[in-house]
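Structure, as structure tokens:
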Amino acid sequence: DAGVIQSPRHEVTEMGQEVTLRCKPISGHDYLFWYRQTMMRGLELLIYFNNNVPIDDSGMPEDRFSAKMPNASFSTLKIQPSEPRDSAVYFCASSQGLINEKLFFGSGTQLSVL
Amino acid sequence: AQKVTQAQTEISVVEKEDVTLDCVYETRDTTYYLFWYKQPPSGELVFLIRRNSFDEQNEISGRYSWNFQKSTSSFNFTITASQVVDSAVYFCALSEHARNQGGKLIFGQGTELSVKP
């Protein structure tokens, strides 16, 4: 299997612009997670889906952030409008079957908002 | 509330030394899961191990070993005979068992291990 695929690997944008991060989970995995990594806050869970349905979005920082999973093989995380404090590495991860199974992480998207 | 503490921010050792990475956790749940992940310089997070709260047996996998002690709420990770390729940031994480918590990992701040030749 190809693993979790994220795109783009790097994104540089200007404050106020819309940013869309993309993720393709491992085929057959029931859960999909979006994490954000910053120096100050470490790794934080933003939102996760089970069978394409958002289960917990309590980690989404503001209304500027939204996530969708239109089908089992694709998810997006959108920031609109973006701000410099959104600069971080955003990881997508997926897992299979039972809860608390190990997560498989993508390579991350390094976002820089100028 | 859940919390994971990795008190060691950075550790530097010379190749072939043994090194232990500490992890202390807090949870009110009686059923929970503990994980270690490795983040090499390339950036992706790689799963190393998962333990559930009812299994306190220590585990060894090659040069890696894990010591889980519920009495002290610790889940420490030891690398024996460290190698340069072990250089990475290592994260300890906790997940509670509740139905709606599946996969919701709470990560520690990470320990950056540098192994010098």
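Because the structure is a prediction, the values reported are computed rather than measured. A note on names: the letters A, B, ... follow the listed sequences, proteins ahead of strands, and every chain is numbered from 1.
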message: side chain to side chain contact (heavy atoms under 4.5 Å, CB included), that's the test. Do A:F33 and B:L105 meet it? Break it down for me.
response: CA-CA 10 Å; A:F33 307 83; B:L105 294 179; over 6 Å; no
- prompt: Are A:L103 and B:Y37 close enough, and set up right, to give a side chain to side chain contact (heavy atoms under 4.5 Å, CB included), and what steps lead you there?
  reply: CA-CA 10 Å; A:L103 301 187; B:Y37 281 83; 3.4 Å; yes
task: Can you tell which part of A:S94 gets under 4.5 Å to a heavy atom of chain B, answering side chain, backbone, both or neither?
output: neither
statement: Whatever's closer than 4.5 Å to a heavy atom in chain B on A:Q37 counts as side chain
Flag yes if [X] and [Y] sit in one hydrophobic cluster, no otherwise; membership is Ile, Leu, Val, Met, Phe, Trp, Tyr, and two members link when side-chain heavy atoms are under 4.5 Å apart.
X	Y	value
A:Y31	A:M69	no
B:L45	A:W34	no
B:V19	B:L48	yes
A:Y90	A:Y35	no

Can you list, pair by pair, the side-chain donor-acceptor contacts under 3.5 Å of residues 109-117 of chain B, counting residues two or more places apart and other chains?
residue	atom	partner	partner atom	Å
B:T111	OG1	B:Q8	O	2.6
B:S114	OG	B:K116	NZ	3.3

task: Pick one of side chain, backbone, both or neither for B:Q39, based on which atoms fall under 4.5 Å of a heavy atom in chain A.
output: side chain
